[in-house]
Structure formats: structure tokens, C-alpha cells
Amino acid sequence: MVMQETEQVVDFKVASQLGLSKDEFDHICDVLGREPNFTELSIYSVMWSEHCSYKNSIKYLKTLPRDGGRLLVAAGEENAGLIDIGDGIACAFKIESHNHPSAIEPYQGAATGVGGIHRDIFTMGARPIAALNSLRFGDPSSAHMRHLVKGVVSGIGDYGNCLGVPTVGGEVYFDPCYQQNILVNAMSVGIVKIGETVSACADGPGNPVFIVGSATGRDGIHGATFASADLTEDSAEDLPAVQVGDPFQEKLLLEASLEIIKTGAVVGMQDMGAAGITCSTSEMSAKSGTGMRINLDLVPTRQKNMHAWEILLSESQERMLVVVEKGKESEILKVFDKWDLECSQIGEVTNSGRLEYYRHGEKVADVPAHSLVLGGGAPVYDREYNRPTYMDQIKAFDPPKKSLAELVGIAKKIISSPNVASKRWVYEQYDHTVRTGNTNTNEPSDATIIRLKDSDKSLAVTVDCNSAYVYADPYKGALIAVSEAARNIRCSGAIPLGVTNCLNFGNPYNPEVYYQFVNALKGMGDACRKYNTPVTGGNVSFYNQSVLKDKTEPVFPTPTIGMVGLLEDPKLRTTIPFKKTGDIIVLLGPLPLNAHSSVYVREILDNRLTLCPDFELEMEYKVQMMMTDLIHRSLIQGAHDVSEGGLFTTLMESAMAGRLGFSVSIPNESRGDIFLFSESQSRIVISVSLENFKTIEDLADKQGIPFLRLGVVTSSSLSIEGMDLGHLSEWNNLYQNTLSTILDQ
């Protein structure tokens with residue numbers, strides 16, 4: 001018999017307050033054959049929340065390429081993706097969001113996002129070696145936004161630095177659509193020997209179940225529900241839903257977890273993230289077709305008199321659930337005692353297929369494990385979707401023609417844009433060399449290169465998404481997001497292997513938002529299939545929008561792409577800087593025909609409703625394949641793709657990185673502003689020696705790839721069409737210090 005721990009009457013009104021619909025409440029009653037008590041209803045409310053169940057996204061997530069290539073496990077089978085990088089080594093990687101908590105309490109929200117994603121990696125048995133992030137903010141000149149930026153960056157930096165995992169790369173964007181609902185996406189990359197991973201399973205009835213790490217408190221309760229609802233002007237009242245992190249505790253937990261795996265006593269292990277004990281016990285049991293009997297009296301708690309539902313739903317950080325082979329408990333206890341960490345047996349695996357939770361000697365909940373999880377009994381929906389009405393206003397935009405002198409002034413504004421200027425203020429707060437010493441930082445490359453110890457191989461990692469493009473055209477914008485990530489990997493000398501994604505959208509019940517989601521996933525899937533980069537996992541974050549008194553504004557659709565590639569030989573590493581005076585500067589890829597959705601049009605000319613930049617997948621693929629061919633033939637000196645800010649920004653970044661200048665010309669058939677500032681895709685600037693120029697030109701002609709000689713690398717002078725642009729130091733000062741000046745106000 002299941003006891004009522006609380007006298008609160010359970011009915012649909014209570015269920016709706018917990019975020020459940022009438023149909024969902026009725027279905028719970030059908031599953032149980034009775035009405036749930038409050039504890040059971042609380043369990044379903046978090047496990048069937050959007051954040052945990054993916055009930056509004058799983059149909060389309062399944063359309064993505066989820067296996068193949070070098071994948072060792074299919075998407076969703078484990079805590080993180082796993083790809084074979086050769087020599088008996090695998091790379092584990094994943095990206096996830098922590099958006100709403102960071103918008104309410106930026107420091108802890110961002111810090112616990114970092115901690116959670118690293119736990120997903122080391123619960124598999126992999127050691128995290130690098131972190132990346134993708135951050136979206138509103139207007140950085142507003143005091144509130146500066147507070148959020150500083151809190152988020154400090155939270156990420158402090159947690160990663162203390163944990164000993166370097167933050168090696170990422171992206172930062174600013175747009176008014178993120179003014180209230182910022183986005184904080186965190187990615188972790190780890191390394192493990194093939195065959196030494198641990199699964200998130202609960203095999204073997206009779207095996208003991210342990211909770212390890214920090215004690216359980218009331219922080220984070222209903223955090224998954226909080227993440228599955230809109231942000232409003234009153235969301236600050238949900239502050240208790242934000243967890244509090246302790247990176248020093250996580251460091252101990254990391255080392256202890258990797259050590260217990262070596263004992264051979266671990267059957268399965270899973271991080272306690274969203275929904276805490278509820279999530280870990282249900283997902284591990286459902287995966288193995290088993291059940292668990294859990295005594296909540298044995299869970300170490302921080303506060304007295306916690307109710308069963310509070311213990312089950314708590315999202316207190318730095319905790320794991322471990323299933324141990326019966327008879328080997330002492331081996332596990334010995335390791336955690338060594339690391340001075342709590343390790344308590346709280347139950348055992350059963351063959352019932354049910355989760356039975358006890359408190360004060362009474363059974364307070366009894367539910368089928370499979371009914372809680374994705375692919376089991378959790379609901380699956382396909383929402384209505386309609387083409388957004390704003391897309392009817394999107395049209396081609398032909399900027400007024402500008403003189404060359406005017407273009408120089410525009411270029412200074414672009415290089416000073418927060419979306420183009422250096423993010424030095426951000427990344428200098430991260431320790432990119434802490435502990436591992438793996439990161440190769442001598443010269444910048446389009447993707448971050450991470451050297452692997454005791455190997456000639458390196459990983460190339462990047463995160464990419466220009467959400468303005470996705471807003472203009474969800475399908476094409478997602479194609480571009482994946483393609484830019486692959487292009488960055490290729491321009492660095494590596495081969496793309498796999499993708500993890502963080503899908504940030506508005507409310508899925510809004511047909512226009514759901515249209516963005518469905519079409520973005522179509523674009524993502526087509527691009528990933530083209531590059532043979534299967535999607536290893538990630539997360540979906542809906543309800544990213546601002547609900548104000550008079551209107552609701554979703555953020556731009558932001559399907560962030562985290563990509564991992566492999567650099568087989570350090571000699572292939574290709575970097576951004578111009579290397580040598582007299583080298584030829586070449587543009588690979590088509591000449592731009594317009595400046596759609598560029599920083600030039602959106603920010604300088606203040607037109608936010610233009611078409612997505614020009615893009616053609618086959619041409620992109622050909623350009624990328626040629627890049628790899630050129631690098632393997634040792635024919636180029638450096639490479640940098642054309643992205644935000646256009647060709648001018650690409651040239652200037654290559655010049656500043658190499659402390660050399662350039663002299664370039666504008667083709668007669670091109671308008672100066674479009675040629676310099678367009679963000680049309682599939683274009684890469686390469687620098688080549690004079691002796692290799694003709695060889696590359698012939699290869700491009702043979703492969704049908706547009707090829708343009710732009711000019712030459714100079715010792716220090718900067719010129720376009722013979723017009724002197726001034727000293728490199730002036731441009732470098734604008735580029736390096738503009739954002740810092742804004743944020744330090």
C-alpha cells in the first residue's frame with residue numbers, strides 16, 4: 001500500500017499547478033490504476049516536463065542522423081556522445097543549456113551549468129579535458145545586462161578554473177531579443193580508453209544502489225519545471241529553483257568516480273542533474289528493464305524534515321547515483337572515504353520494473369520506471385506549426401552605394417561591434433591552460449586545437465550558430481550553423497567527426513516557434529548527413545522568451561552546434577595569421593552578390609528583416625574538401641573563414657594576428673560595400689606563397705571552385721584599392737578594447 005506522506009488532496013487543479021495537462025493527469029491515473037498521491041504526482045511533473053521528457057521535440061530529434069561515422073554509441077544511449085578517435089581512445093562530448101537559472105541568478109546559474117555538463121562526461125568514465133560555451137546577451141550597454149554578463153562569465157570561469165578543466169573556446173553574441181532571456185550553453189569534451197566506459201544502467205537485481213557526493217538540500221527543487229516554462233517579470237520569485245555549485249567538491253567527485261571505475265565494482269553510474277534522484281533512478285532502471293527499492297531515510301540531507309518529494313526532486317549539485325556489484329561495496333566505500341566524500345547505500349536494484357520509494361518506514365511512491373522516461377510512457381506530441389508572419393516582411397535589401405572613404409568609416413564601426421570585436425574581456429577570465437597543458441595556444445585557428453598527451457593527434461573543437469540567419473530562414477540558417485562549424489574544423493587542418501547540439505527556441509505551443517524548430521532540424525539533419533557528422537546528443541531548451549505585460553517575444557531560434565574534429569598530424573595544423581610579407585592573399589569561394597543579414601545591414605544600416613545570406617550546400621562542401629586537400633599538400637600558409645563582419649573583418653583579423661598588413665583590390669564587377677561586408681557563405685581567405693599560387697589556382701579551376709587573387713601581405717601598411725587605412729595599431733585598439741570599455745562601465 002502506498003501511503004500519503006502529505007495530506008494535500010491531489011486533483012487536476014494541483015496537477016496543473018505542477019505543469020501537467022488534463023490529458024497527462026488522466027494518463028497518470030491510467031498508468032497507476034488509481035489517482036497518484038502528491039509525491040507521485042510530483043515525480044511525474046518533473047519527468048514529464050519539457051526539460052526531461054522532450055515531449056514536444058523527440059519526434060523531430062529522431063530525424064537527425066544518430067549513428068554512423070565513428071560513433072561508438074547511438075545518440076541518447078548514454079550521458080554523452082562517444083566517438084572513436086583511433087589508437088584505442090574515444091572522445092566523449094556534449095553541450096547543454098542552463099538558460100533560465102542564469103537569467104535569474106547569473107553566477108550560480110552558469111557555474112552549475114558547467115558543473116553539470118562535466119559530470120555527464122566523467123560519469124561515463126572519461127576525464128574532461130576542455131570546456132567551451134555559447135553565450136547570448138542583450139544590449140551590453142545596459143546596467144542590467146552588464147550585471148548578467150559579468151555574473152555568467154565569472155560563474156563559468158570560477159567553476160572551470162577551480163575544477164581544473166580549461167575553457168578553450170566559444171562564442172558570444174549580443175542582440176535585443178536576448179534582453180530578458182539570455183542563453184548560456186556549456187560544452188564539455190573528455191577522453192577515455194575504449195572499453196573503459198561506464199553505462200547509465202541498473203543491471204542485476206540485488207545489486208546495491210549508492211548516492212555519492214554532496215548532501216541533498218532544497219536547492220534546485222522543480223528546477224526542471226522552472227526550465228519548462230516562460231520567463232516573466234515575476235520569475236525572480238523562482239530563485240530557489242537555482243542550484244548552488246561547489247567546484248572543489250566536484251573535483252573530488254571527479255577523481256573518486258574515475259577511481260571507482262578502475263576497481264571493476266561499478267555496474268552503472270549516472271549524474272544527478274535535472275529532477276535529481278527521480279531522474280537517475282528512473283532512467284537507469286528503465287534502461288536495464290529493472291526497478292529499484294529506495295529508502296529515502298538513508299539519503300544524506302542538508303536540511304531537517306525534508307519531505308519525500310523534496311528529496312526526490314532536489315537538484316542539489318555534485319551528486320551521482322552508482323549501482324555497485326553486490327559483494328564489492330567495500331571497494332567503493334574505501335575510495336570515497338579516501339576522497340572524504342559521502343557515500344551511502346540508499347537501496348537496491350529489483351526485478352519488479354517499478355520504483356518503490358520509502359520514507360519513515362512507509363512506501364510513499366510506487367511507479368513503473370518505464371512510464372517516466374523518454375521512449376517509455378512519457379507523452380510525445382507533434383505540435384501545429386505555421387510559417388511566421390514576420391517572414392512575409394523579410395525581403396532583399398540593396399544598401400545605398402557608398403564611396404571608398406565612407407566604407408573605411410563603416411569598417412571601423414563594424415570592427416567595433418560587440419558581435420565582431422574581440423571577446424578578450426570574456427576569455428581572459430578563463431584559464432585555458434589549467435591542469436592539462438593540452439591546449440595549443442601559440443597562434444589562433446578557426447577551431448580550438450587540443451593536443452592529446454602521448455599522441456601526435458589533436459582534437460579540433462568549436463561551437464557555432466548565427467541565430468540571425470536562423471531567424472531569417474530556419475532551414476538555411478541551420479544548414480549554415482553546421483557548415484560553419486565544419487568549415488572552422490577544416491580550416492584548422494582537422495576532419496569533422498561528430499556534432500552535439502543545444503536547441504534554444506521559444507514556446508513550442510506557439511505555431512510560429514514550432515515552425516522554426518521543425519525547419520531548423522531539417523536543415524541540421526541535411527547538413528550533418530552531408531558532412532558525415534552524426535548528432536551524438538545534446539539538449540532541447542524551449543520557452544526561451546520574454547513574457548512582458550503587453551507582448552511575448554521569443555528569442556531568435558538558436559540551434560547551437562558543438563562539433564568535434566580530429567587532427568591526425570600536428571604538421572597539418574593551420575592557423576589564422578598572415579605569415580610572410582609578399583604572400584598572396586586569395587579568396588576561395590563565390591563572390592558575394594548581397595549583404596543580407598550581415599552586421600553591416602543589421603547593425604550599421606539598422607535593417608533586421610533581410611534575407612538569410614547566400615548559401616549553397618554543394619558549393620560549401622566542395623570548398624571544404626578543397627581546403628583539406630590544400631592543407632594535406634602543404635600548399636597554404638594560413639586560412640580564415642569569412643563570417644561575422646564579412647571579408648574586411650577576416651582580412652583584419654588575419655593581419656592583427658600576424659602583425660602584418662595587407663594590400664587588396666576590389667573586383668571591377670563588385671560593389672565595395674557588398675564585397676567587403678557581405679556575410680555570404682562558403683568563403684575562405686587563404687595566404688599562399690608565390691610559388692604555390694598557380695598550383696592552387698589550377699586545382700580550383702579543375703574542381704569548379706571560384707578563386708580570386710585579392711592582393712598581398714605587406715610588412716605593416718593597410719590599403720584597399722590603394723587607399724591608406726592607417727596604422728594596424730589603431731584597428732587593433734578598436735578591435736581589442738571596444739567590448740571591454742562597454743562592459744567595464
Side-chain angles (χ1 to χ4, degrees), residues 79-80 96 98 101-102 105-129 131 151 154-167 186 188 190 198 209-221 223 240-262 266 269-277 279-280 298-303 306 310-311 313-322 324 332-346 430-431 434-436:
N79 285 329
E96 284 194 341
H98 228 224
S102 300
E105 210 303 299
Y107 183 90
Q108 290 295 348
T112 52
V114 171
I117 197 64
H118 284 318
R119 285 196 300 279
D120 280 338
I121 299 302
F122 68 74
T123 51
M124 292 183 67
R127 178 177 290 279
I129 62 170
S154 295
I156 291 171
D158 289 354
Y159 203 103
N161 296 351
C162 294
L163 183 60
V165 179
T167 301
S188 179
V198 172
V209 178
F210 286 82
I211 188 170
V212 302
S214 296
T216 298
R218 289 190 170 97
D219 52 321
I221 292 175
V242 179
Q243 310 96 318
V244 177
D246 182 348
F248 299 105
Q249 184 84 343
E250 175 129 333
K251 173 61 175 174
L252 299 178
L253 188 59
L254 187 163
E255 299 300 338
S257 298
L258 296 181
E259 188 169 332
I260 63 170
I261 292 171
K262 294 179 181 179
V266 176
M269 181 162 54
Q270 182 164 325
D271 163 46
M272 286 187 190
I277 293 174
C279 185
S280 299
L298 301 178
V299 176
T301 57
R302 294 191 203 132
Q303 282 98 24
M306 289 183 69
E310 292 179 307
I311 297 172
L313 271 57
S314 169
E315 295 180 12
S316 294
Q317 296 292 285
E318 292 85 42
R319 298 180 303 155
M320 319 268 275
L321 197 72
V322 184
V324 177
I332 302 298
L333 291 167
K334 181 179 178 181
V335 171
F336 280 97
D337 181 63
K338 167 188 170 182
W339 290 100
D340 195 25
L341 288 169
E342 192 79 55
C343 178
S344 302
Q345 182 177 346
I346 61 172
Y430 306 149
D431 190 335
V434 62
R435 188 186 179 278
T436 63

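Only this structure's heavy atoms are used, side chains among them; waters, hydrogens and symmetry mates stay out.
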Inset, instruction - Mark yes or no for whether Thr216, through its side chain, and Ile311, through its backbone, hold a donor-acceptor pair below 3.5 Å. - result: no

Legend entry - Side chain Thr123, main chain Met269, donor-acceptor under 3.5 Å: no

Legend entry - Pairing of Glu318 and Lys251 as salt bridge, 4.0 angstrom limit: no

Inset, instruction - Apply the test side chain to side chain contact (heavy atoms under 4.5 Å, CB included) to residues Met320 and Val212: give CA-CA distance (whole Å), side-chain angles for both, the deciding distance (0.1 Å), then the verdict. - result: CA-CA 5 Å; Met320 319 268 275; Val212 302; 3.5 Å; yes

Legend entry - Flag, side chain of Glu255 to backbone of Trp339, donor-acceptor distance under 3.5 Å: no

Inset, instruction - Give the C-alpha distance, both sets of side-chain angles, the deciding distance and a yes or no for side chain to side chain contact (heavy atoms under 4.5 Å, CB included) between Glu96 and Asp120. - result: CA-CA 10 Å; Glu96 284 194 341; Asp120 280 338; 3.7 Å; yes

Inset, instruction - Calculate, to the nearest 0.5 Å, the distance between atoms SG and CD belonging to Cys162 and Glu250 respectively. - result: 11.5 Å

Inset, instruction - Working to the nearest 0.5 Å, report the span between CD of Gln303 and CD of Glu310. - result: 8.5 Å

Inset, instruction - Write down the atom of Leu253, the atom of Arg319, and the distance for their closest heavy-atom approach. - result: CD2-N, 4.0 Å

Legend entry - Rounded distance [0.5 Å steps], CG in Asp337 versus SG in Cys343: 9.5 Å

Inset, instruction - Looking only at non-hydrogen atoms, find the nearest pair between Asn79 and Asp271 and report the distance. - result: ND2-N, 4.3 Å

Legend entry - Nearest heavy-atom neighbours spanning Ala126 and Pro128: O-CD, 3.5 Å

Legend entry - Polar side-chain atom of Thr112 near backbone of Gly245 as donor-acceptor pair, under 3.5 Å: no

Legend entry - Note, Arg302 side chain near Ser214 side chain (heavy atom, < 4.5 Å): yes

Inset, instruction - To the nearest 0.5 Å, tell me how far Leu313 CG sits from Glu315 CD. - result: 7.5 Å

Inset, instruction - Find the distance between CG (Leu321) and CD1 (Ile211) and round it off to the nearest 0.5 Å. - result: 7.0 Å

Inset, instruction - Using atom types as modelled and distance alone, determine if a side-chain donor or acceptor of Gln345 lies under 3.5 Å from a backbone N or O of Phe210. - result: no

Inset, instruction - Begin from the C-alpha positions of Gln317 and Gln249 and carry the test side chain to side chain contact (heavy atoms under 4.5 Å, CB included) through to its verdict. - result: CA-CA 9 Å; Gln317 296 292 285; Gln249 184 84 343; over 6 Å; no

Inset, instruction - Write down the atom of Glu342, the atom of Pro300, and the distance for their closest heavy-atom approach. - result: CG-CG, 3.5 Å

Inset, instruction - Locate the shortest heavy-atom distance separating Ala256 from Leu341; write the atom from each residue and the value. - result: CB-CD1, 3.9 Å

Inset, instruction - May I have the step-by-step check of side chain to side chain contact (heavy atoms under 4.5 Å, CB included) for Arg127 and Leu254, ending in yes or no? - result: CA-CA 8 Å; Arg127 178 177 290 279; Leu254 187 163; 3.5 Å; yes

Inset, instruction - Considering non-hydrogen atoms only, spot the tightest contact between Ile260 and Phe336 and give its length. - result: CG2-CE1, 3.6 Å

Inset, instruction - Report yes or no: does Asn161 contribute a side-chain atom to a donor-acceptor pair with the main-chain N or O of Gly157 at less than 3.5 Å? - result: yes

Inset, instruction - Mind checking the CZ-CD1 spacing from Arg119 to Ile121? Nearest 0.5 Å is all I need. - result: 12.0 Å

